[in-house]
J.: 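What follows is a structure written as structure tokens; I'll ask about it next.
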Number of protein chains: 2
Amino acid sequence: MDSKIVSLRSKLEIYKAGSGGGNIADCPVRDVIQGISNKWSSLLMMALAEKPYRFGELRRLVPDISQRMLTQTLHDLQRDGYVHREVFPTKPPSVEYSLTDLGRSMFGPLHQLLQWAELNHGAVRAARNAFDATEA
Amino acid sequence: MDSKIVSLRSKLEIYKAGSGGGNIADCPVRDVIQGISNKWSSLLMMALAEKPYRFGELRRLVPDISQRMLTQTLHDLQRDGYVHREVFPTKPPSVEYSLTDLGRSMFGPLHQLLQWAELNHGAVRAARNAFDATEA
DNA sequence: TGTATAAGTCTCAAAAAGAGACCAGCACTA
DNA sequence: TAGTGCTGGTCTCTTTTTGAGACTTATACA
């Protein structure tokens with residue numbers, strides 16, 4: 001048994017719903033992970049890890065995100081300290097988003113996961129097909 | 001510029017919404033990542049990485065997941081090949097969930113991200129507080 | 001004058017998630 | 001033998017989240 005895994009599990013168990021003052025904020029790992037395991041967060045992190053982008057550029061880069069969710073996801077990433085938002089006084093004003101040091105730090109492990117996905121999507125696809133075939 | 005990042009970005013761009021036959025399935029990285037970046041997936045992976053669990057055990061371990069979402073998330077993880085589901089002919093029948101080899105393989109990078117979260121939740125919390133203080 | 005651009009916000013509809021009742025089959029207890 | 005509890009779910013209803021797309025404000029340019 002990997003002691004690191006056990007250590008993570010104990011963190012998980014800290015949060016017991018409905019046990020008085022229990023709150024999701026009491027489980028730090030979940031608190032952080034749920035901030036980045038959204039549909040769009042990792043995608044935007046991936047884009048911004050390459051270079052800073054403006055709002056409209058991101059919208060064109062990820063054509064199937066709604067403006068609403070782009071605004072909101074960038075706002076959340078900024079709030080958690082991963083992304084820096086800078087307004088330039090052009091006419092009309094333009095806004096540039098870039099990774100902070102914390103964002104780059106987080107992108108390290110995230111990137112590992114993205115690479116795993118790139119390498120193993122064949123296996124996942126195959127598992128999915130096999131599963132769908134047997135349950136149909 | 002990290003050439004691996006650029007390579008991932010090119011994968012990202014494969015999918016253009018509304019461009020004829022374009023479909024989310026055309027971007028393998030997104031396809032895989034969106035399967036595991038749900039609210040509960042990483043949490044259940046973390047639990048099952050420790051040891052196999054039965055349905056009811058998982059429900060007690062993660063007290064704020066609804067039975068509906070536990071069923072559904074386990075089903076999705078099984079479909080993608082990360083989790084194995086085994087029914088034991090006890091009375092009443094019990095069901096055990098465990099990680100597959102593919103699941104353990106994926107948990108490697110995921111675990112890195114979880115550890116990052118454990119180490120850096122203080123910084124994230126601080127960023128959040130600072131952000132909330134300035135915008136209020 | 002009319003059009004375009006930037007970065008959003010607003011409203012409404014659709015989809016997803018949460019809460020909790022309900023189910024079948026068997027074992028145990030009273 | 002009737003009642004209770006356990007298993008791992010499903011079903012329905014409500015609330016929350018997301019998506020689609022019109023609208024905004026100020027400026028520049030044709």
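Just so we're clear, the structure is a prediction, and the values are computed from it rather than from any experiment. Chain A is the first sequence line, chain B the second, and so forth, proteins listed ahead of strands; every chain is numbered from 1.
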J.: Across the strands shown, which category fits B:Phe88 at heavy-atom distances under 4.0 angstrom: base, sugar-phosphate, nothing?
T.: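 Counting heavy atoms under 4.0 Å across all strands, no contact is made by B:Phe88.
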J.: Going from CD on B:Glu96 to NZ on B:Lys51, what distance comes out if it is rounded to the nearest 0.5 angstrom?
T.: 8.0 Å
J.: Regarding A:Thr71, tell me which of base, sugar-phosphate or nothing describes its non-hydrogen contacts under 4.0 Å with the strands shown.
T.: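 Base: the residue A:Thr71, judged by heavy atoms under 4.0 Å, touches a nucleobase.
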J.: Quick one: sort the B:Phe131 and A:His75 rings into parallel, tilted or perpendicular, breaks at 30° and 60°.
T.: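 Perpendicular.
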J.: For A:Leu70 and D:dA20, what is the distance between atoms CG and C1' respectively, to the nearest whole Å?
T.: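 From A:Leu70 CG to D:dA20 C1': 15 Å.
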J.: Among D:dA28, D:dT7, D:dT18, which nucleotide has an atom closest to any side-chain atom of A:Met69?
T.: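 When the side chain of A:Met69 is considered, D:dT18 is the closest of D:dA28, D:dT7, D:dT18.
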J.: I need the CD-P distance between A:Gln34 and D:dT17, as an integer number of Å.
T.: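 My rounded result for the distance is 12 Å.
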J.: Distance check needed: D:dG9 C1' versus B:Tyr53 OH, whole Å only.
T.: 21 Å
J.: Give, for atom CZ of A:Phe107 and atom CG of A:Leu48, the distance between the pair rounded to the nearest 0.5 Å.
T.: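 Rounded to the nearest 0.5 Å, the CZ-CG separation comes out at 9.5 Å.
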J.: Identify, between A:Gln67 and A:Asn38, the residue whose nearest nucleotide on DNA chain D lies closer to the 5' end.
T.: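 Per heavy-atom nearest nucleotide, the more 5' residue is A:Asn38.
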J.: For a 4.0 angstrom threshold against heavy atoms of chain A, report the outermost contacting nucleotides of DNA chain C in 5' to 3' order.
T.: C:dT5 to C:dT11
J.: Name the residue closer to the 5' end of DNA chain C, choosing between B:Gln72 and A:Ser94 according to the nucleotide with the nearest heavy atom.
T.: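 Looking at the nearest nucleotide for each, A:Ser94 comes out on the 5' side.
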J.: Nearest-Å distance, CZ (A:Arg68) to P (D:dT16)?
T.: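 Rounded to the whole Å, the gap is 14 Å.
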J.: Given 3.5 Å as the limit, does a donor-acceptor pair link the side chain of B:Thr73 with the main chain of B:Trp40, or not?
T.: no
J.: Between A:Trp40 and D:dG19, is there a contact of a side-chain N or O with OP1 or OP2 at under 4.0 Å?
T.: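 Answer is yes, contact under 4.0 Å.
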J.: Contact class for A:Arg59 vs. all strands (heavy atom < 4.0 Å): base, sugar-phosphate, or nothing?
T.: nothing
J.: Backbone N or O of B:Gly108 within a donor-acceptor pair of the B:His111 side chain at under 3.5 Å?
T.: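 Such a contact is absent between B:His111 side chain and B:Gly108 backbone.
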J.: State which residues pass side-chain contact (heavy atoms from CB on, under 4.5 Å) with B:Ser37; sequence neighbours excluded, sorted by chain then number.
T.: A:Ser37, B:Ile33
J.: For A:Leu99, does its backbone N or O pair with a side-chain atom of A:Arg104 as donor and acceptor, under 3.5 Å?
T.: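 Yes, because the side chain of A:Arg104 sits within donor-acceptor range (under 3.5 Å) of the backbone of A:Leu99.
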J.: Please report the distance, rounded to the nearest Å, between CD1 in A:Ile65 and P in D:dG19.
T.: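 It is 8 Å, rounded to the nearest whole Å.
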